[in-house]
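Numbering of residues begins at 1 and proceeds along the displayed sequence. Keep in mind that what you see is a predicted model, and the values were worked out from it rather than measured.
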Amino acid sequence: MAKTKIHLTTEQIDELAAKLEDGDKAIAPAMRRAVNKVSRWVNEEAWKRIAGASGVESKIIGGRIKLSAARESGDSIIGQVWVGLDPISLRRLGATQDGSGVTAGPGKAPGAFIVGKLNDHVFKRRNNKDVNPKKHGLPIDKQEYTIAQKSELILATLADLAGKMLLEEFARELKWQTN
């Protein structure tokens, strides 16, 4: 999981609050609403962009993205979007056996095979002929599809956009709170 923090300086917040009457009382609720809105936006955008870039169905990606409501921690307000970047098992992508191996979603595993009647797991033999199966286990590896590299680039882009969006949304919420 990649962690990104977006910080607004107190000068930016004070500058916005000074323009409005009753600005001090309005800061916390406005910031909480702004953080919630930006977190929801990051959640939806991450879901769409990661699914589009990786070629994996959005329902599978959606199960790997979790949104937490904004919460206060000391003198800051935290909005959290958790994205699971672990590899996806090919069986979750609808693996099918073909002549050259296994095809599953955007992933292909030449030389792989499916174990089980109900599309349970996808494995590929290692080329270790001198491995003793009784001592080291079977010479096979589980096959998975990796989304981490594409996802980390997308999340870095979203973090930059979210920082700008948070300041705009906070100004909008602060104005609404005081009117």
Does some side-chain heavy atom of [Y] sit less than 4.5 Å from a side-chain heavy atom of [X]?
| X | Y | result |
| --- | --- | --- |
| E144 | I88 | no |
| K150 | I50 | no |
| L93 | V56 | yes |
| K66 | Q80 | no |
| Y145 | P87 | no |
| K124 | F113 | no |
| S39 | L67 | yes |
| F170 | V38 | no |

Query raised in the report: Does the pair E173/R32 count as a salt bridge with the N-to-O cut at 4.0 Å?
Result: no
Distance-only, no hydrogens or angles: does the [X] side chain make a donor-acceptor pair with backbone N or O of [Y] under 3.5 Å?
| X | Y | answer |
| --- | --- | --- |
| R64 | D86 | yes |
| W47 | I61 | no |
| K108 | G105 | no |

What's the shortest heavy-atom distance between [X] and [Y], and which atoms?
| X | Y | answer |
| --- | --- | --- |
| I147 | S54 | CG2-CB, 3.9 Å |
| A162 | V42 | CB-CG2, 3.8 Å |
| V122 | A112 | CG1-CB, 3.9 Å |
| A104 | A95 | CB-CA, 3.6 Å |
| S151 | L85 | CB-CD2, 3.3 Å |

Separation between [atom1] of [X] and [atom2] of [Y], rounded to the nearest 0.5 Å:
| X | Y | atom1 | atom2 | answer |
| --- | --- | --- | --- | --- |
| E152 | L155 | CD | CG | 7.5 Å |
| N43 | W82 | CG | CH2 | 12.0 Å |
| E168 | K37 | CD | NZ | 13.0 Å |
| R49 | E44 | CZ | CD | 12.0 Å |
| E45 | I65 | CD | CD1 | 10.5 Å |

Report task. Go through R33 and W176 one step at a time and tell me if the side chain to side chain contact (heavy atoms under 4.5 Å, CB included) criterion holds. Result -> CA-CA 11 Å; R33 280 195 309 275; W176 180 83; 3.3 Å; yes
Query raised in the report: What do the steps show when you test I114 against V102 for side chain to side chain contact (heavy atoms under 4.5 Å, CB included), and what is the final call?
Result: CA-CA 7 Å; I114 298 174; V102 174; 3.9 Å; yes
Query raised in the report: So with a 6.0 Å cut-off around CD of Q97, is the heavy-atom count from everything else above 12?
Result: yes
Query raised in the report: With the 4.5 Å side-chain cut-off for hydrophobic clustering, are L161 and V81 part of the same group?
Result: yes
